[in-house]
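Numbering of ligands and ligand atoms starts at 1, following listing order. Fair warning: this is a prediction, and the values are worked out from it, not measured in the lab.
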Amino acid sequence: MKNIDSTVLEFEKALLQINRMRAAEIFEQCHASGKGFEELELIAIQSLENIGDGWESGTISLSQVYMSGVICEELIDKYLPKFQIKRTDIPKMAIAVLLDHHALGKRIVYSILRAGGFEIMDFGQGLSVEELVSKTVENQIEILLISTLMLPSALKVKIMKEQLASHGATPKIIVGGAPFRLDKNLWLTVGADADGKNASNIIKTIEVLMKGVE
Ligand code: B12
């Protein structure tokens, strides 16, 4: 059986060649061999991370980065968990991408939560601090999930939290995205209540936080 590193390399190669069929075949092989969504998610994230590094070092074009994101989005949609749990007494929750426009991670987290029986508002992407604060206050959000893929956006979470507090709003804040995966303590630095390294563990994180919002 292939290990995850060789699968990541093969998947990355298919993405860079914009070979949708090969990428789909690799996902399907993993799925058929009993791998869960968490592993597919890991393959996509690691491949895209390598591709991002290649772009940063000038060996990969932005169009390749873009198309790789599009292919992953299509594939991930197909394999997202479909379980349907009915829940009651759920806190008011919302998710948004603060400042930047990297929306794939948010989409996965949103879909996993919906499939897990949570009602969650999607505030969209590219929101300014002020926009996110006003939507959060207006909708009386109790748990706010923020995705950021760029460090400058991640650092704005702290300011956002201060602005929320000045409006008397103190939702629990869960952050996620590349900057938080790279710096394990960044979520604490920006004053979040929790972080999520991937989307698959988000339901557990919310369940723990819910104990604090009852
Ligand atoms: C695809 C991609 C793009 C695509 C985005 C397409 C789209 N619709 O999203 C395009 C080509 C448009 C793009 C553009 C740009 N990009 Co870009 N991009 C990437 C890349 C390669 C992958 C991102 C991705 O989709 N990953 C896959 C998803 C599934 O992973 P994820 O978002 O991390 O989400 C997972 C977890 O983090 C977690 N998660 C995420 N959010 C949340 C939230 C919560 C609450 C929880 C619990 C969990 C969670 O769960 C998700 C699923 O497991 C990254 C590389 C990287 N290291 O991430 C660069 C990267 C983020 N981009 C970067 C840059 C610089 C840019 C541009 C500025 C480039 C330019 N000069 O134009 C623009 C900016 C656009 C903008 N204003 O937002 C840099 C950021 C550097 C930095 N230090 O800030 C990176 C890191 C590349 C690099 N190594 O330099 N990009």
Under 3.5 Å between any N/O of D195 and any N/O of ligand 1: does that happen in this structure? no
Yes or no, since that's all I need: does a protein heavy atom fall within a distance strictly under 4.0 Å of atom 54 (C) of ligand 1? no
Taking all heavy atoms of L186 and all of P179, pick out the closest pair and write down the distance. CD2-O, 3.6 Å
Near G196 (heavy-atom distance under 4.0 Å), the atoms of ligand 1 are 47 (C), 48 (C)
Can you list the atoms of ligand 1 that are under 4.0 Å from a heavy atom of L145? 45 (C)
Can you report which non-hydrogen protein atom sits closest to atom 30 (O) of ligand 1, along with the distance? I45 CG1, 3.9 Å
Among protein heavy atoms, which lies nearest atom 36 (C) of ligand 1, and at what distance? R181 NH1, 3.4 Å
Taking E10 for its side chain and T7 for its backbone only, find out whether a donor-acceptor pair lies under 3.5 Å. no
From I173 atom CD1 to K161 atom NZ, the distance as rounded to the nearest 0.5 Å: 6.0 Å
Protein non-hydrogen atoms only, distance under 4.0 Å: does atom 10 (C) of ligand 1 have such a neighbour? no
Which heavy atom of the protein is the closest neighbour of atom 56 (C) of ligand 1, given with residue, atom name and distance? E49 CG, 3.9 Å
Is it true that a side-chain atom of K172 and a backbone atom of I143 form a donor plus acceptor pair closer than 3.5 Å? no
Taking atom 15 (C) of ligand 1 as the reference point, report whether a protein heavy atom occurs under 4.0 Å from it. yes
Are any of the heavy atoms in A103 under 4.0 Å away from ligand 1? yes
If you draw a sphere of radius 2.8 Å around atom 17 (Co) of ligand 1, how many protein N/O/S atoms end up strictly inside it? 1
Do me a favour and list the nearest non-hydrogen protein atom to atom 50 (O) of ligand 1 with residue, atom name and distance? A199 N, 3.4 Å
Atom indices of ligand 1 within 4.0 angstrom of I202 heavy atoms, with elements: 47 (C)
Okay, side chain of T205, backbone of N201: is any donor-acceptor separation there less than 3.5 Å? yes
Nearest protein heavy atom under 4.0 Å from atom 42 (C) of ligand 1, yes or no: yes
Between G126, P152, G105, A194, flag the one that comes closest to atom 28 (C) of ligand 1 by a heavy atom. G105
Between N139 (side chain) and K135 (backbone), is there a donor-acceptor pair under 3.5 Å? yes
CZ on F37 to SG on C30, rounded to 0.5 Å: 12.5 Å
For atom 78 (O) of ligand 1, which protein heavy atom lies nearest, and how many Å away is it? H101 N, 2.5 Å
Of all the atoms in ligand 1, which lie at a distance below 4.0 Å from a heavy atom belonging to G177? 37 (O), 39 (N), 40 (C), 41 (N), 42 (C), 49 (C)
Side chain, backbone, both or neither: which applies to V70 and ligand 1 if a contact is any heavy-atom pair less than 4.0 Å apart? neither
Return a table of donor-acceptor pairs under 3.5 angstrom between the side chains of residues 38-46 and protein atoms on other chains or two or more places apart.
unit_1 : atom_1 : unit_2 : atom_2 : d
E38    : OE2    : N198   : ND2    : 3.4
E41    : OE1    : S200   : OG     : 2.5
E41    : OE2    : A199   : N      : 2.6

Nearest protein heavy-atom contact for atom 52 (C) of ligand 1: which residue, which atom, what distance? E41 OE2, 3.1 Å
Heavy-atom closest pair, residues G69 and L48: N-CD2, 4.0 Å
In this structure, atom 12 (C) of ligand 1 is nearest to the protein heavy atom Y66 CD1, 4.0 Å
Flag side-chain contact, heavy atom, 4.5 Å: L145 against I202: yes
Proximal ligand 1 atoms for D53, defined as those under 4.0 Å from one of its heavy atoms: 89 (N)
Protein residue, atom and distance nearest to atom 72 (O) of ligand 1, heavy-atom basis: L62 CD2, 3.9 Å
Atom indices of ligand 1, in the order listed, that fall short of 4.0 Å to a heavy atom of L104: 9 (O), 25 (O), 29 (C)
The reported gap from CG in L15 to CD in E12 (rounded to nearest 0.5 angstrom) is 7.5 Å
Report yes or no: does T136 contribute a side-chain atom to a donor-acceptor pair with the main-chain N or O of I141 at less than 3.5 Å? no
Separation of K92 NZ from E142 CD (nearest 0.5 Å): 8.0 Å
So if I count the atoms of ligand 1 from 1 in the order they appear, which ones are less than 4.0 Å from some heavy atom of L151? 82 (C), 84 (O)
For E74, the salt bridge (charged side-chain N to carboxylate O under 4.0 Å, His left out) test, sequence neighbours excluded, returns R20
Donor-acceptor pair, N19 side chain versus R22 backbone, under 3.5 Å? yes
To which of I174, I95, L182 does the heavy atom nearest atom 45 (C) of ligand 1 belong? I174
So Y79 and K35, do their side chains get closer than 4.5 Å, heavy atoms only? no
Residues 96-110 side chain polar contacts: donor-acceptor under 3.5 Å, at least two apart:
unit_1 : atom_1 : unit_2 : atom_2 : d
D100   : OD1    : H102   : N      : 3.3
D100   : OD1    : H102   : ND1    : 3.1
D100   : OD2    : L149   : N      : 3.1
D100   : OD2    : M150   : N      : 3.3
D100   : OD2    : S153   : OG     : 2.9
K106   : NZ     : D122   : OD1    : 2.9
K106   : NZ     : D122   : OD2    : 2.8
R107   : NH1    : E73    : OE2    : 2.3
R107   : NH2    : D77    : OD1    : 3.1
R107   : NH2    : D77    : OD2    : 2.4
Y110   : OH     : R114   : NH1    : 3.2

Scan the protein's non-hydrogen atoms and note whether one is under 4.0 Å from atom 85 (C) of ligand 1. no
Could you tell me the separation between the OG atom of S6 and the CD1 atom of I26, rounded to the nearest 0.5 Å? 9.5 Å
Please verify whether a non-hydrogen atom of I108 lies at under 4.0 Å from ligand 1. yes
Looking at ligand 1, does any of its N/O atoms fall within less than 3.5 Å of an N/O of L48? no
On the 0 to 90° scale, with breaks at 30° and 60°, tag the F27-F11 ring pair as parallel, tilted or perpendicular. parallel
Is the shortest heavy-atom distance from the side chain of V129 to the side chain of Q163 under 4.5 Å? yes
Quick one: which ligand 1 atoms are inside 4.0 Å of a heavy atom on A178? 33 (O), 58 (O)
With respect to T148, determine whether any N or O atom, backbone or side chain, lies less than 3.5 Å from an N or O atom of ligand 1. no
